[in-house]
Protein chains: 2
Amino acid sequence: MASARKREEWSELALGVLGEAGHRAGGARQAVVQLLAGEDCCLSAQEIAEGIRSGGDRVGTASVYRALDLLHRTGLVQRVELGDGGARYEALVPGGDHHHHVICDRCGRITPFEDPALERAIERLAGRLRHRVSGHDVVVRGLCPGCARTPRSRS
Amino acid sequence: MASARKREEWSELALGVLGEAGHRAGGARQAVVQLLAGEDCCLSAQEIAEGIRSGGDRVGTASVYRALDLLHRTGLVQRVELGDGGARYEALVPGGDHHHHVICDRCGRITPFEDPALERAIERLAGRLRHRVSGHDVVVRGLCPGCARTPRSRS
DNA sequence: GTTCCTGCAAAATTTTTGCATCAGT
DNA sequence: ACTGATGCAAAAATTTTGCAGGAAC
């Protein structure tokens, strides 16, 4: 798992990077950064907004999207789409784990995983492509252990 | 590239599979299957609907989504999300090429690629995961050759 | 004090649902 | 004929845009 320490550092890093880029640390941005720093897997924009509001702060949905967009463009946040029609976001911790996701076909639960061999394969692939590769995403689908144990047909 | 012959066969296969599963071959379904059979890379629901309409047939957007959903649940169509907030669909030809996509960071153009080594890595990974893996998607991002040649900053 | 950020509301997208009608078997 | 599929319209869900007021520097 990603260490709590590294995630805390990421919080400061993120605010620092934004500051140097000339962006102010307003309430919404700080709240989004702080909330993402406390999670170790991806959240939807909805969940992020609700998470902030449940902490007592009020935040506009638009501000959450704007903050996420900025963080994403700055390379501080990873945007992930897992096939449910919505995007998810997670902190991109430098030197932290680079992981991908398995999503359960039945219950939709998301589980992160790391795989160095897979990363190497993608790296080699990147050298072969004519694109100047900047990133990648892998999504694996399948029944999670719990759902596989009870293979009742989908209702 | 996927041969035109195989894609034509896929068209018949798809209708056959649906028929055996007790689904009728109505106008919308046939049109969606026929259109997908003629493409060798993914299309958005929007593009599919417009493609059918430009052929003279009238089709409801909802019917296109319903047809795509059915084809996807039946395993005849692959659903792909490339990070632009919308889903794309493409024929899943048995014995045909199994490919993934590179999407250009600047112009958004989608290019398919195949990589056996990557597939092997994912296969091995699947054996290591506790999930009963049913599928996977890989999306690579980066500047396409054309955009890399003219690296003006994003406006 | 200036400029950027924020919250709210409205708009734009994309996808789903309801329903009366029509078509496939 | 019976049943399921279709088109249209309305609704739902997600993301973006406009704008006046407020906060950061």
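Lettering of chains follows the sequences in order, A, B, ..., and the numbering in each one begins at 1.
The nearest pair of heavy atoms linking B:P94 to B:L13 is CG-CD2, 3.5 Å.
B:D69 places its CG atom 16 Å from the C1' atom of D:dG4, with the value rounded to the nearest Å. Atom CZ of B:R73 and atom P of C:dT15 are 16 Å apart (whole Å). Distance, A:L15 CG to C:dC5 P: 13 Å, rounded to whole Å. What separates CZ of A:R79 from P of D:dT15 is a distance of 7 Å, to the nearest Å. In this structure, CD1 of A:I52 is placed 10 Å from P of C:dT6, rounded to the nearest angstrom. Atom-to-atom, CG of B:D57 to P of D:dC8 comes out at 12 Å; the value is rounded to the nearest Å. In this structure, A:I48 places its CD1 atom 17 Å from C1' of C:dT6, rounding to the nearest Å.
Side-chain atoms of B:H98 and B:E119, non-hydrogen and from C-beta on, do get closer than 4.5 Å to each other.
Remark: the backbone N or O of B:E90 is not paired with any side-chain donor or acceptor of B:Q78 at under 3.5 angstrom. Panel note: side chain A:T74, backbone A:L70; a donor-acceptor pair is recorded below 3.5 Å.
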Discussion item. How would you summarise protein contacts on nucleotides 17-25 of chain C per nucleotide, using B for base, S for sugar-phosphate only and - for none, with heavy-atom distances below 4.0 Å?
Written reply: BB----BBS
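The residue among B:L70 and B:R53 whose nearest nucleotide of DNA chain D lies closer to the 5′ end is B:L70.
Relative ring orientation between B:H100 and B:H136 is described as tilted, the plane-to-plane angle lying within the 30° to 60° band.
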Between the protein and nucleotides 10-14 of chain C, are there any N/O to N/O pairs under 3.5 Å, and if so, what are the atom names and distances?
residue	atom	partner	partner atom	Å
C:dT14	OP2	B:Q46	NE2	3.4

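Checked against D:dA5, C:dT15, D:dC8, the side chain of B:R29 finds its nearest nucleotide in D:dA5.
A salt bridge links B:R88 with B:E47: at least one charged nitrogen is closer than 4.0 Å to a carboxylate oxygen. The pair B:D69-B:R73 counts as a salt bridge, with a side-chain nitrogen and a carboxylate oxygen less than 4.0 angstrom apart.
Tested against B:L43, the residues B:L35, B:L68, B:V80 include a single side chain to side chain contact (heavy atoms under 4.5 Å, CB included) partner, B:L35.
Of the side-chain N and O atoms in A:S63, one or more sit less than 4.0 angstrom from OP1 or OP2 of C:dG7.
Between the side chains of B:R53 and B:T61, at least one donor N or O sits under 3.5 Å from an acceptor N or O.
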